[in-house]
Amino acid sequence: MTVSVVAPDLIASHGLTADEYDRIVAIIGREPNLVELGMFGAMWSEHCSYKSSRVHLATLPTEGPRILQGPGENAGVLDIGDGLALVFKMESHNHPSFIEPYQGAATGVGGIIRDIFTMGARPFALCDSLRFGPLTDPKNRYLFSRVVAGIAGYGNAVGVPTVGGEAYFAEPYSGNPLVNVLCVGVARKDRLFFAKAGGIDNPVIYVGARTGRDGIHGATMASGVFDEGAEARRPTVQVGDPFREKLLIEACLELMEGDDLVAVQDMGAAGLTCATAEMASRGGTGIEIDLARVPRREPGMTAYELMLSESQERMLVVAKAGSEARVRTVFEKWDLDAAVIGHVTEGGLLRVLDHGRPVAEIPADALASEAPAYHRPSSRPAEADARQRLDLDRLPLPDDYAAVLLELLRSPNLCCKEGIWERYDHMLFLGTIVGPGSDAVVLRLPGGTRAIALSIDGNSRYCTVDPYRGAMIAVAEAARNVVCGGGEPLAITNCLNFGNPERPEIMWQFVEAVTGIGEACRAFQTPVTGGNVSLYNETSGNAIFPTPMIGMVGLLDDVAYATGQWFQAEGDLVALFGDTREELGASEYLAIRFGLVQGEPPALDLTRERAVQRTCLEAIRAGIIRSAHDCSDGGLVVALAESCLGATPIGVDIQLKDTIRPDALLFGESQSRIVVSLKATDWLRLERIAAAHQVPVTRLGIVGGTRFRLHGPACGLDLPMTEVEAAWRSGLASSLGA
Amino acid sequence: MKFGIVVFPGSWSHQDFHHVIVKILKEEACYLWHKEADLHGVDCVILPGGFAHGDYLRAGAIARLSPVMRAVAAFADAGGLVLGSCNGFQILTEAGLLPGALLPNDCLHYRCRWTHLRVESRQTPFTTAMQPGQVVRMPISHGDGRYYIDQAGWKKLVEGDQIIFRYCDAKGTLAKDVNPNGSLDHIAGVCNERRNILGLMPHPERAAEPILGSEDGCLMFASLLDSFVRSPLTTCGDRA
Amino acid sequence: MLTAKIYVTLKPDVLDAQGDTVRSALETLGFQGLTDVRVGKFMVLTLNSPTKEQAAAQVDEMCKRLLANPVIEDYRFELEGAAG
Amino acid sequence: MLTAKIYVTLKPDVLDAQGDTVRSALETLGFQGLTDVRVGKFMVLTLNSPTKEQAAAQVDEMCKRLLANPVIEDYRFELEGAAG
Ligand SMILES: Nc1ncnc2c1ncn2[C@@H]1O[C@H](COP(=O)(O)OP(=O)(O)O)[C@@H](O)[C@H]1O
Ligand SMILES: [Mg+2]
């Protein structure tokens, strides 16, 4: 091998520091050549190595009786009984979506689906979480509508329904939108696959699309901030082919029925480099491949390009020696190329040849697990105190509560999101019992008697003011949503979206958020099974709101527990679990009415939260609850209005007695509250359940009629439901261009 | 009754049809692989939803070239029952087994939602259990569902009583805002002249259980079973 | 090598929803004086045919059998380059 | 009246999944000797511009801002007919 005298700017252009370079030289005992430098640059990028976040993620709880696989594999796996395993994971595709929104979002969907079926699971649902700048700006409208189109275009064609998600708009996302996608699949517990190479001399087989020059440097790009030059880096965008992915799903799942495969891994970020290094490293083996055998789309590709390409819809499998023919037969059946490109070797070396000539030789561990882990300095920003202060006396009370409610319902963050989810097939596989639009999606499991509940949550406003509490609330809200759907919360996945971690105040946000997530997950006994960290979400020094997103899954032992958020029938009682306090800090109300993202977020008492959730779940299982909806953004009145806005809207008549500041009563976002409806004859049973958990439950009113009526001690409103519905439905209409 | 569900690369509703036929109707179902021109003696062929061959070029255009489509054409020619839903409908029109074509929705984006359909004719083996004018609920889920046919073709459809379903509102009215994709004359489903091939954009298999919001799709399956029991020989010619 | 350039367009009496949307988007962007916008497909095939005549026959056949749907679309094509 | 014919194609190094699929479909139909198939868009705009130069500038701007996606697509166009 040639030893190059590597120029400092070449090192920097691979996203490596001088110290990191020295470490590489120390590990391999020589200077790397260009191919090797590229491989290190990709694998040691923030995106692949988690070098800024690893030490903090290690504090998260990851164990529990149901955990079959925690963080570290392509996806997390839960034992959900009946011999079934639930495989799920969430991923961000923020940077690619900013550069080319349609393809960025589409390939994000493709990538997370591959993470699920590589584990042996059939992917059966997707959820998307979106953050964009205000839709009043045409650029944001363009990005938003193209991202939604990309998710739809890929998800619909590949045949995995997108059953839910969330969308939130605020200025700091203008320069850096967020696209996070969660995928769930089911597998037989005894047929799980892992990405661990094994069996010396077993063939390493490349399957799927041919390699082009797409996405070279994707991982390093996702690990840098955007600047004026970002547009120039555009050619690195990869393009998705959902049809080929569908073939890959079917072919892989068919092969996994047999006994031919040892390990499977998709080629995502850092492509062939990552797949070979990680499979070898996890398996404690080496791998040798010859690039001459890699199927390619374009002539003249160099070893460097082949190792770093991020062409989509490609997988690497390790098969049993002797199974090559059967593997090839299945892939041929599905019209997919499969090529043996190498084999598993003894020792831990990743050896890359090009027509027999070595072009890279690196210990797999060095690439996959020996990247530096940084304890980056973190410090609470100076303006944190100011952000948390809120002088309510300076905020005038509204004089028309009805008008404020309509304004809130019409706002992009609270309005009906049907304009998004009607573009997604959300019914495929006949499992969607409670579909998009409710707190949690409830999906029937194969077999038909049980179901899972899913929710994605994250409150950017709270996290901006207090990332620790905001992150705790994200977990609490996700769990509460799952409970409202009738599910018992089991575990979470997450996407942690933050700015540049080399800035101490960003690092502080990150550490606070991770601490909050850990604490809440311990309280709810919902361990973390994996997730994704997306840093450097900033353009020209303006960071996004700190945005930890939580994806929670829960289990329903009986599909009959499935509960939606919508009132069901005239005459039903409306009741509230929990207390309403004078908490307006960081609320959507303040953001919309006063343009303020300020004041302490609502308090969260984890013990109370758990008690409220237990109460609701127990009442659902007792068959008393006809609808359950958590109070979150927009507060109690918005939750009540949303409960009225099912497929056939229905009115409600509410009496409130609390004597706190009326706008806090109506629009404050006190935690640990759930609006439920029930038959009047079940009231005493409900009271008894709540009392047993020491949870306050209040009768609020009665479902029925065609008006939305509410009377409080110092406020009131009375609107025809048609007007409430029209406001709520109008919010997104003009924002989603075709 | 034995149903054969065709699987193209890119099909995705085949498992849903299988579920409904086997678990709900308790009838027999098998998959028919697109590369084989053998229908395995089924009594009814179903072309399911999905994106066969990615729907690249035009929805259904490439799928119609598969060997299985030769067998389906011969089967239909002999009087066999063929049901195409969503992508299946697109494939049938591309194959020339049903008149017309399906263009991109007029809103130019994909739509997945519940629709109301007015039953226009029960004179097909697929609709005997329904009443003309009856309103049924089934979801749609497609990007290319705008039915188009030229004037002469449309006249023939009307005169031949070949328009089987139209998009309508809950009361059966053909208001403009209940046409989800801009289909000509609100057309959601048509049959061939011989009435043994039905294509529709909506998904009957997604409306076959109360827990999913509608059982109306079962009316279509009940019609098929009923027609089959009454005259199995005429409804599947090549078995006779 | 011969290159066939194939143009597939919607028949004039078929509503071109995409064309209409592109037109109104262009108008929103401030472009004026547009009277009509039609959107079609453009395909470039590189093929090896012994003669130009054979190539033309072949491409015509391709269009008829696959590349255009006669119910809704018209097509035309041009051949460039030298055969053989 | 001026007619602008606009051709939008994927950049040469961008994956053309449609083109690949169409090629293999053509091969299934028995067509041989195809070395490459690319699928793009073809648009016809009819516009009222005082001069051909102005029309050209306008169409170029339209392509840049809306009709082509510069990240993955190239475009070119021709103008036909007389201005004014
Ligand atoms: N991007 C999206 N994709 C799919 N569904 C969405 C999306 N955004 C919102 N929804 C649906 O709309 C509903 C309302 O969203 P949201 O206001 O965020 O609810 P919540 O505050 O209860 O989490 C969600 O339950 C979700 O199912
Ligand atoms: Mg909620």
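Below, read A as the first sequence line, B as the second, and so on, with proteins coming before strands; counting in each chain starts at 1. Predicted model, so just to flag it, every value in this text is computed and none were measured.
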Audit row: B/R146, C/L15, side chain to side chain contact (heavy atoms under 4.5 Å, CB included) steps and yes/no:
CA-CA 10 Å; B/R146 173 161 58 108; C/L15 168 78; 3.5 Å; yes
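- Going from atom CG of C/N69 over to atom OG1 of B/T93 covers 7.0 Å, rounded to the nearest 0.5 Å.
- Within the 4.5 Å cutoff, no side-chain heavy atoms of C/D13 are placed close to those of B/Q151.
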Evaluate the criterion side chain to side chain contact (heavy atoms under 4.5 Å, CB included) for residue pair B/E94 and C/V71; output intermediate values, then yes/no.
CA-CA 9 Å; B/E94 280 284 344; C/V71 179; over 6 Å; no
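- Nearest heavy-atom pair, C/L66 versus B/L57, reported as atom, atom and distance to 0.1 Å: O-CD2, 3.5 Å.
- Taking NZ from C/K41 and CZ from B/R58, the interatomic distance works out to 5.5 Å, rounded to the nearest 0.5 Å.
- The line from OH of B/Y148 to CG of C/L10 is 9.5 Å long, rounded to the nearest 0.5 Å.
- In this structure, the separation between CD1 on C/I72 and CG on B/L103 is 4.5 Å, given to the nearest 0.5 Å.
- Under a cut-off of 6.0 angstrom, the local environment of NZ in B/K155 is sparse, with at most 12 non-hydrogen atoms contributed by other residues, nucleotides or ligands.
- Counting heavy-atom neighbours within 6.0 Å of B/K156 NZ, excluding the residue itself, gives a total of 12 or less.
- Within 6.0 Å of the CD atom in C/E78, the count of heavy atoms belonging to other residues, nucleotides or ligands exceeds 12.
- No part of B/I149 comes within reach of chain C, as not one of its non-hydrogen atoms sits under 4.5 angstrom from that chain.
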